[in-house]
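Have a look at the structure below before the remarks.
Starting from 1, each residue takes its place in the sequence as its number.
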Amino acid sequence: KSKLFHERAMNSVLAGRLTHLFIKPWSSNETGDGAAALPSALVRTTSILEACKTMGVIPILIQPWGGQGNTVPAIRAVIDDYIAKAKASGIAVMDPRSITDTSTGTLITAFMTVNAEGSVIDGTHLNDAGHQAVAQFAFDTLGSLF
């Protein structure tokens, strides 16, 4: 869940170990908690963004990709609104959905985790190829985010 990652991010920001920080405002692992998990995740994200500003770290919000709450309208609407407002205030936003998502907002099959028989066992979390593609996307687009 995002709480652990947000705490680690905040510690790294406050310790002065970063120049840039990619932040997901919410985790798909919180889907089971429903929209109730959103307020605390977004409060933590806002605190991290404020700490980044204070410590001179450049924050980059990551737009969640397919399978990460995209199919839950109440969650999607809140996240999209939060990210739009952050972007309007000058926070950089990386949106990898052009390489990760199908036209229906699900994760593309090539980035899903499959078992030895080739059956999809995880359509939410990126496989190795997906991580590599998103990392390359970040490198390729970083300059255009600001």
Side-chain angles (χ1 to χ4, degrees), residues 1-113 120-146:
K1 298 193 177 196
S2 62
K3 186 174 188 309
L4 177 61
F5 292 100
H6 286 163
E7 288 171 356
R8 288 179 177 170
M10 182 65 92
N11 288 341
S12 293
V13 168
L14 296 176
R17 292 181 274 202
L18 304 173
T19 58
H20 295 72
L21 176 65
F22 286 87
I23 310 161
K24 271 192 180 172
W26 176 82
S27 169
S28 59
N29 291 326
E30 291 164 322
T31 302
D33 300 335
L38 282 168
S40 59
L42 298 181
V43 165
R44 287 191 308 271
T45 301
T46 300
S47 294
I48 294 167
L49 293 174
E50 290 169 358
C52 284
K53 183 176 181 180
T54 299
M55 298 300 292
V57 174
I58 299 170
I60 301 123
L61 284 178
I62 303 171
Q63 177 71 50
W65 49 75
Q68 300 187 326
N70 295 12
T71 56
V72 181
I75 293 171
R76 178 87 264 153
V78 173
I79 293 170
D80 287 349
D81 182 61
Y82 180 87
I83 289 176
K85 287 177 180 172
K87 187 173 185 176
S89 75
I91 301 294
V93 174
M94 184 187 82
D95 186 350
R97 292 178 295 177
S98 63
I99 64 161
T100 59
D101 288 21
T102 67
S103 61
T104 60
T106 59
L107 190 61
I108 63 170
T109 305
F111 293 163
M112 293 180 181
T113 303
V120 173
I121 57 171
D122 188 342
T124 299
H125 301 91
L126 294 174
N127 62 19
D128 288 345
H131 280 288
Q132 288 297 322
V134 170
Q136 188 62 53
F137 182 84
F139 281 113
D140 293 345
T141 61
L142 188 58
S144 66
L145 297 177
F146 306 100

Dump the intermediate steps for side-chain contact (heavy atoms from CB on, under 4.5 Å) on Thr124 and Leu107, then the final yes or no.
CA-CA 7 Å; Thr124 299; Leu107 190 61; over 6 Å; no
Set of side-chain hydrogen bond (donor to acceptor under 3.5 Å, both in side chains) partners for Ser2, sequence neighbours left out:
Glu30, Arg44
Distance in Å, Ile60 CD1 paired with Leu49 CG, rounded so as to fall on 0.5 Å steps:
11.0 Å
Rounded at 0.5 Å granularity, tell me how far CD1 in Ile62 sits from CH2 in Trp26.
14.0 Å
Residues passing the side-chain contact (heavy atoms from CB on, under 4.5 Å) test with Leu4, sequence neighbours excluded, are Arg8
If you round to the nearest 0.5 Å, how far is CD1 of Ile99 from CZ of Phe111?
5.5 Å
The reported gap from CD1 in Ile48 to CG in Leu21 (rounded to nearest 0.5 angstrom) is 7.0 Å
Hey, is the main chain of Lys24 close enough, under 3.5 Å, to the side chain of His6 for a donor-acceptor pair?
yes
When you measure from the side chain of Thr106 to the backbone N and O of Thr102, does any donor-acceptor pair fall under 3.5 Å?
no
What residues, two or more places apart in sequence or in another chain, satisfy side-chain hydrogen bond (donor to acceptor under 3.5 Å, both in side chains) together with Lys87?
none
Got a sec, which residues hit side-chain hydrogen bond (donor to acceptor under 3.5 Å, both in side chains) with Asp81, two or more places apart in sequence or on another chain?
Lys85
Got a second to check how far Cys52's SG is from Ile23's CD1, nearest 0.5 Å?
4.5 Å
Using the test side-chain contact (heavy atoms from CB on, under 4.5 Å), find all partners of Ala138 that sit at least two apart in sequence or belong to another chain.
Phe22, Met94
Suppose we screen for side-chain hydrogen bond (donor to acceptor under 3.5 Å, both in side chains). Which residues come up paired with Asp140, at least two apart in sequence or across chains?
Gln136
Taking all non-hydrogen atoms of both residues, which atom of Ile91 and which atom of Pro59 are closest, and how far apart?
CD1-CG, 4.0 Å
Applying salt bridge (charged side-chain N to carboxylate O under 4.0 Å, His left out), which residue pairs with at least one partner in residues 53-63 are found, sequence neighbours left out?
none
Considering residues at least two apart in sequence or located in another chain, which fulfil the side-chain contact (heavy atoms from CB on, under 4.5 Å) criterion with His125?
Ser28, Asn29, Asp122
Quick one: does Asp101's side chain have a donor or acceptor within less than 3.5 Å of a partner on Trp65's backbone?
no
With sequence neighbours left out, write down each residue that passes salt bridge (Lys or Arg N to Asp or Glu O under 4.0 Å) with Lys3, or none if nothing qualifies.
Glu7
So which heavy atom on Leu18 is nearest to which on Ser12, and how close?
CD1-CB, 3.7 Å
Can you sort out the partners of Ile83 under side-chain contact (heavy atoms from CB on, under 4.5 Å), two or more places apart, ordered by chain and number?
Pro25, Leu61, Gln63, Pro64, Ile79, Val93
